[in-house]
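Along the sequence shown, the residues carry numbers beginning at 1. Reckoned from all heavy atoms, side chains included, excluding hydrogens, waters and symmetry mates.
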Amino acid sequence: MLPGPRTQFCFALILLSPALCAALDNPASRPPGERPSIGLLLPLNAPEFARTAEAVRLGCQAALGFSENRQSLQVVRTDAQPESILAEYEAAVQRGAGVIVGPLTRSGVTALSASGRVSVVTLALNVAESDAPLPPRLYTFGLSLEAEARMVARMAHARGLRDAAVVQASTLLARRLSRAFADEWFSLDGRISDVREFGQQADLVELRQRLSDSQAQFVFLAAEAGQARTVRPYLNNQIPVFATSQVNDGKNDPLINGDLNGIRFVDMPWLVQPDHAAVMVYPRLESLSADLQRFYALGIDSCRIASELLAGQQRINLDGVTGRISYRGGSALQREPIQAVFRDGVGVSLESAK
């Protein structure tokens, strides 16, 4: 006898955790005979996050509009307060959500993780604020720049490079990226011969002189696009410069980005490879800024993942608009962005630049 829909659904979710079936196949959590839906839990009522959340919502709806399975969607509006997030989470489950996508904020993920209320498979779109293990059924998928920094380290190592210099902006995020890069680089037996930080008052001429004396084979640059434009002319132009997607703000202008030419970075196909097979499927909202385009793409891929789960797929392996997505165990889905480079002031995939 062929397994019924619920049994097939559980078989798919054993991939993530043996404990998931009981929660996802609980008929008390949805009306009799009704298919489970995707609950999209977003801070749409929080002014500081509303535009980002709306971009995710639009991306999710675009993904489901092109899905063969046409899964139903609950858009669950919250503010940014833990009480609102937890209450709406439970309400979505009671209305029949078989998978929850969200929360979107770090504080929201932290609150849900600590609450003891994760009752269905939940795909958080950020990471918790602590390193404590996540509870069963809670998984993460997002646009982690730290993960990109670690990928840059592996990319440089694969090119045969072994000695790095790190140049970082004087911001907390830049320091976090430098630490993530360094941790991965050291695990690969790489060396860091120089670390330099720059801010608004930095003596960039001195920075150039010190880097010219460095034995490094390449520079890892932890900086936003504007900061990178400022510091790039002072870096050693005889060695390659690598960065994360932080360096690409979508301003594809040869005059503005001339100093970024040649910088290699990692980014999502949605922004640097418009002829990518998955990218070409979905409508592009040109009114969105580059930052919001990233969250639109995140919405597409996160709801593609959720739809795959509800459709009974047994493995997660997607060629996504944010990168190659897979599940390798643990509590996080892996996203592998593609390699890109600035050519004529435009960030393009390395494949397209050849």
Side-chain angles (χ1 to χ4, degrees), residues 6 9-30 36-43 46 49 53 56 60 71 73-144 146-147 180 298-299 301-310 312-316 325-335:
R6 286 185 183 173
F9 192 45
C10 279
F11 284 167
L13 293 171
I14 287 172
L15 165 70
L16 299 181
S17 168
L20 295 179
C21 291
L24 282 158
D25 200 37
N26 179 6
S29 67
R30 57 182 177 271
S37 61
I38 296 170
L40 185 60
L41 185 73
L42 296 173
F49 299 113
V56 174
C60 179
Q71 301 290 353
L73 178 68
Q74 292 185 47
V75 177
V76 186
R77 305 175 69 94
T78 75
D79 56 30
Q81 299 304 310
E83 296 81 4
S84 170
I85 292 169
L86 297 177
E88 293 301 333
Y89 177 95
E90 292 184 334
V93 173
Q94 289 300 314
R95 289 192 297 265
V99 172
I100 299 286
V101 176
L104 179 62
T105 63
R106 282 196 173 201
S107 59
V109 178
T110 303
L112 182 60
S113 177
S115 70
R117 303 185 195 179
V118 181
S119 55
V120 299
V121 172
T122 301
L123 190 65
L125 301 182
N126 214 319
V127 295
E129 293 168 332
S130 72
D131 295 328
L134 296 182
R137 309 180 189 90
L138 181 58
Y139 302 88
T140 60
F141 172 70
L143 306 180
S144 168
E146 288 94 332
L298 176 65
D301 279 351
S302 60
C303 282
R304 287 180 69 197
I305 294 167
S307 184
E308 291 271 308
L309 290 173
L310 285 181
Q313 295 300 316
Q314 298 184 23
R315 293 192 299 175
I316 302 298
I325 301 162
S326 61
Y327 179 73
R328 303 171 187 168
S331 60
L333 278 79
Q334 307 299 316
R335 178 183 70 92

Colleague: Looking at side-chain heavy atoms only, is the closest gap between I85 and L41 below 4.5 Å?
Modeller: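 They are in side-chain contact.
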
Colleague: With rounding to the nearest 0.5 Å, note down the distance linking CG in L40 to CZ in R77.
Modeller: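 If we round to the nearest 0.5 Å, L40:CG and R77:CZ are 11.0 Å apart.
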
Colleague: Can you measure from OG (S326) to CZ (R315) and round to the nearest 0.5 angstrom?
Modeller: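 One finds 10.5 Å between OG of S326 and CZ of R315.
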
Colleague: Identify the heavy atoms of L134 and S113 that sit nearest to each other, and give their distance.
Modeller: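 Residues L134 and S113, closest heavy atoms: CD2-OG, 3.6 Å.
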
Colleague: Donor-acceptor check, side chain of T140 to backbone of V127, threshold 3.5 angstrom: yes or no?
Modeller: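 Such a contact is absent between T140 side chain and V127 backbone.
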
Colleague: Looking at every non-hydrogen atom in both residues, tell me the closest pair between A92 and I100 and how far apart they are.
Modeller: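 Of all heavy-atom pairs spanning A92 and I100, the closest is CB-CD1, 3.8 Å.
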
Colleague: Could you tell me the separation between the CG atom of L333 and the CD1 atom of I305, rounded to the nearest 0.5 Å?
Modeller: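 Reported to 0.5 Å precision, the distance equals 5.0 Å.
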
Colleague: Which atoms form the tightest heavy-atom contact between P135 and V118, and what is the distance?
Modeller: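 Smallest interatomic distance, heavy atoms only, reads CG-CG2, 4.1 Å.
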
Colleague: Check P82 against A111 and note the closest heavy-atom contact, atom names and distance.
Modeller: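 Looks like CB-CB, 3.7 Å.
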
Colleague: Between R335 (side chain only) and F141 (backbone N and O only), is there a donor and an acceptor less than 3.5 Å apart?
Modeller: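 Not at all, since once roles are kept as given, no pair shorter than 3.5 Å links the two residues.
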
Colleague: Using 0.5 Å steps for rounding, measure from the OG1 atom of T105 to the CG atom of N126.
Modeller: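 T105 atom OG1 to N126 atom CG measures 7.0 Å (nearest 0.5 Å).
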
Colleague: For Y89 and T122, test the side chains for any donor-to-acceptor distance below 3.5 angstrom and give the result as yes or no.
Modeller: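 A pair is found: one side chain offers a donor N or O, the other an acceptor, under 3.5 Å apart.
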
Colleague: Which atom pair, heavy atoms only, marks the closest approach of P43 to F49?
Modeller: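 Between these two residues, the closest heavy atoms are CG-CB, 3.7 Å.
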
Colleague: Hey, does the side chain of E88 reach the backbone of T78 with a donor-acceptor pair shorter than 3.5 angstrom?
Modeller: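 No, E88 side chain to T78 backbone: no donor-acceptor pair under 3.5 Å.
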
Colleague: Checking the side chain of S115 only, and the main-chain atoms of L112 only, is there a donor and an acceptor separated by less than 3.5 Å?
Modeller: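 It does hold such a pair.
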
Colleague: Within the side chain of S307, is there an N or O that forms a donor-acceptor pair under 3.5 Å with the backbone of C303?
Modeller: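 Pair absent, no side-chain N/O of S307 close to backbone of C303.
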
Colleague: Short question: side chain of D79, backbone of A46 - any donor-acceptor pair under 3.5 Å?
Modeller: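 Not a single qualifying donor-acceptor pair exists.
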
Colleague: Closest approach of E146 and A180, non-hydrogen atoms and distance?
Modeller: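 Closest approach of E146 to A180: O-CB, 3.7 Å.
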
Colleague: Do S302 and L125 touch side chain to side chain, with heavy atoms closer than 4.5 Å?
Modeller: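 Of all side-chain heavy-atom pairs linking L125 with S302, at least one is under 4.5 Å.
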
Colleague: Please examine the side chains of E129 and S107, heavy atoms only from C-beta on, and report whether any two atoms are closer than 4.5 Å.
Modeller: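 Yes; the side chains approach each other to less than 4.5 Å.
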
Colleague: Does a side-chain heavy-atom distance below 4.5 Å link V93 with R117?
Modeller: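 No. Closest side-chain heavy atoms not under 4.5 Å.
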
